[in-house]
Amino acid sequence: MKALIFGVLLMSVTSAAGKTYDISSPDGKIQTGISVGPDLSYSVNFNGKPVISESVLSMTLSDGTVWGKNPKVAKVSKKSVESEIASPFYRAAKSEEKHNSTTINFKGGWGVEFRAYNDGVAYRFISSQKKPLTIEDEVVCYNFPFDAVSYVPYTKSRAVDPYYNSFENEYAEVKLSGIDQEKLIFLPMTVDLGDNVKVTITESDLEQFPGLYMTGQGDTSLKGSHARYPKRSEQGGHNNLQMEVKERESFIAKTGGDRTFPWRVAIITDNDKDLAASNLSYLLASPSRVADISWIKPGKVAWEWWNDWNIAGVDFEAGINNDTYKQYIDFAARNGIEYLILDEGWAVNLEADLMKVVPEINLPELIEYANARNVDVVLWAGYVAFDRDMEKVCKHYADMGVKGFKVDFMDRDDQEIVDFVHRAAKTCSKYNLILDLHGMYKPAGLNRTYPNVLNFEGVNGLEQMKWSSIDLDQVKYEVMIPFIRQVAGPMDYTPGAMNNGSKLTYQANYYEPMSQGTRSRQLALFTIFDSPFTMLCDTPINYDREPECRDFIASIPTTWDETIILDGKMGEYIITARRKNDTWYVAGITDWTSRSLDFDLSFLGNGNHEAVIFQDGVNAAKNAKDYKKDSININGNSRMSVNLAPGGGFAMIIK
């Protein structure tokens with residue numbers, strides 16, 4: 001790794017309000033002014049036009065001290081960084097780290113750091129206090145220059161606690177002034193300023209602190225909100241596997257005094273494909289705390305919950321038992337699928353005790369059977385059950401041969417849960433266990449800090465199709481999330497449905513679910529979505545009835561050496577190209593509008609290349625299962641055009 005780093009005293013401009021310190025992105029397109037006066041504030045211009053108007057920032061301690069009120073500058077420094085970092089189990093093997101940064105240290109043992117990248121601006125508070133801190137509140141504010149359109153995922157709050165939610169929802173398209181002020185917005189969210197300029201708000205390096213929400217103010221402003229620290233909780237919720245907060249403290253965090261706080265991130269682009277390609281959440285996270293990552297194995301997973309353990313043609317009753325799981329193991333082994341997961345049901349229900357296994361399951365026998373066929377086993381775990389004796393559970397099952405856990409139903413991101421997530425990641429790494437986190441907030445860079453955390457939910461995934469009507473426009477959602485949710489990190493979306501519905505034929509079915517959109521679209525999602533640990537949602541019998549599609553899915557990697565967003569428009573379509581070794585995988589999807597997608601093939605280099613392509617059949621608008629597979633020759637010096645049906649897609653492999 002080679003880095004260029006230098007430090008200089010930052011120039012400032014004096015005004016009636018105080019001093020303004022300027023910082024620009026390496027390409028000069030983003031200019032940020034940090035104003036130090038009676039309040040600490042900042043503003044951002046992009047290509048000479050305001051995108052974030054003057055917005056204050058502050059942090060209030062329990063003793064009444066307010067960092068940001070009448071601050072006194074002690075030292076200001078600036079540096080530039082240009083380097084390359086390893087990014088294993090991510091969308092590229094290496095990622096470029098290029099930014100300018102400004103750190104302002106204030107009297108009283110605190111400061112702020114701003115970084116300007118070519119695709120955004122981020123800031124964080126810094127503390128050099130010697131004693132622990134209690135944080136009463138943090139003011140996070142984004143003021144926009146006019147009443148722009150925003151795309152907001154509201155929480156679906158449960159019980160009496162507005163912060164108790166699963167971080168799953170569609171995006172409401174609404175003017176800033178029209179945002180429902182009674183609802184919380186979980187991150188990421190996006191503001192469209194016109195002329196293709198978009199600002200996506202998120203956070204990174206979330207540790208010893210609650211997650212950030214935004215709220216509308218009835219004007220052109222967004223204000224941050226945090227869950228206060230739990231004071232009194234009761235076990236309950238789904239199958240008694242959750243802790244429901246009944247009362248909260250007056251503060252949001254109790255933390256060490258010498259630390260950096262989470263980054264407040266604004267990704268700023270004037271081309272949607274650059275937004276979808278942003279790596280800021282990953283780059284801003286703390287580096288890996290797992291010294292040896294050689295044992296971490298990404299891959300695909302044979303999964304039974306979505307398809308309701310639905311196998312046929314056997315002489316036993318399918319369900320949560322060893323005979324059924326052996327069928328899934330055999331399927332995984334035949335197709336080179338790396339993992340089998342035992343989802344909810346293998347441990348005794350309502351006990352919240354992972355040491356109690358149902359009598360129908362013999363785990364040592366199942367693990368031995370799987371390992372003999374080169375398949376590894378991962379177990380589902382409810383949050384309370386996993387947390388009650390984490391060390392014992394991890395050691396016991398690691399010794400048995402289990403390779404990881406899917407931990408579910410945290411459904412909060414107050415400091416207590418954020419601390420749990422970090423503790424779980426650290427404990428699992430100690431025992432060489434991977435993690436897939438469900439009922440979970442955005443990744444916020446955790447996949448860099450703990451690379452054994454391979455995937456995250458926090459997405460309105462394909463599971464919603466088991467119970468949602470066509471009123472839930474999942475096709476539209478799928479062309480939104482690459483530009484919003486996915487910029488925060490990987491998504492356990494669980495694609496791969498073989499039963500596919502058009503707008504005319506889709507219907508919810510809990511026991512034999514289908515997807516919205518075409519078959520080729522389902523194949524495309526394996527390339528378009530970042531997912532190092534990818535659940536194959538459908539049943540082995542459905543895949544075996546569709547061997548062409550099954551074999552195609554089985555051949556697609558889950559981590560990449562290189563990713564290029566070839567084209568895209570948020571909410572309409574996206575085309576993604578990814579490389580693993582010397583093979584390229586290219587895929588595209590559209591909304592419910594049929595369209596012809598045209599893209600450049602120059603990324604392939606000169607010469608002719610052999611490709612296999614799956615695309616929508618001529619009748620896919622009505623029969624969403626209709627697809628055609630072709631072997632074609634393409635030239636790297638040319639362009640390619642593919643026709644997509646409504647809700648359609650295409651997927652290709654290029655040698």
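Please read all numbers here as calculations on a predicted model, not as lab measurements. Residue indices begin at 1 and follow the sequence shown.
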Parallel, tilted or perpendicular: ring planes of [X] versus [Y], cut at 30 and 60 degrees:
X	Y	answer
Phe386	Phe420	perpendicular
Phe186	Phe167	perpendicular
Tyr450	His422	perpendicular

task: Under the side chain to side chain contact (heavy atoms under 4.5 Å, CB included) rule, what do Tyr163 and Thr155 come out as? Steps first, then yes or no, please.
output: CA-CA 8 Å; Tyr163 297 94; Thr155 61; over 6 Å; no
Salt bridge [X]-[Y], side-chain N to carboxylate O under 4.0 Å:
X	Y	result
Glu203	Lys442	yes
Glu173	Lys476	no
Asp591	Arg595	yes

- request: Pick out which of Tyr397, Trp305, Phe405 makes a ring-ring contact (aromatic ring centres under 6.0 Å, His included) with Trp346.
  value: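 Answer to the ring-ring contact (aromatic ring centres under 6.0 Å, His included) test with Trp346 among Tyr397, Trp305, Phe405: Tyr397.
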- prompt: Looking at Tyr493, Tyr477, Phe456, which one forms a ring-ring contact (aromatic ring centres under 6.0 Å, His included) with Phe529?
  reply: Tyr493
- request: Output, in order, the C-alpha distance, side-chain angles, deciding distance and verdict of side chain to side chain donor-acceptor pair (under 3.5 Å) for Ser531 and Asn455.
  value: CA-CA 6 Å; Ser531 185; Asn455 218 344; 2.9 Å; yes
Using the benzene-type ring in the case of Trp, are the ring centres of [X] and [Y] under 6.0 Å apart?
X	Y	answer
Trp560	Tyr585	yes
Phe650	Phe614	no
Tyr383	Phe409	no

When you compare the side chains of [X] and [Y], does any donor N or O come within less than 3.5 Å of an acceptor on the partner?
X	Y	result
Asp616	Thr518	yes
Tyr506	Asn499	no
Asn500	Ser515	yes
Tyr325	Asn362	no

message: One pair to check against salt bridge (Lys or Arg N to Asp or Glu O under 4.0 Å): Lys356 and Glu351. What are the steps and the verdict?
response: CA-CA 8 Å; Lys356 295 182 178 179; Glu351 294 287 333; 3.2 Å; yes
- request: Give the intermediate values and the outcome of side chain to side chain donor-acceptor pair (under 3.5 Å) for residues Arg578 and Thr527.
  value: CA-CA 7 Å; Arg578 302 189 192 257; Thr527 296; 6.0 Å; no
Less than 6.0 angstrom from the centroid, inside 45 degrees of the normal: does [X] satisfy that with respect to the ring of [Y]?
X	Y	answer
Lys297	Tyr339	yes
Lys403	Trp295	no
Arg550	Phe552	no

query: Between Lys466 and Asp308, is a salt bridge (Lys or Arg N to Asp or Glu O under 4.0 Å) present by the stated rule, with each step listed?
result: CA-CA 10 Å; Lys466 285 172 72 75; Asp308 199 50; 5.1 Å; no
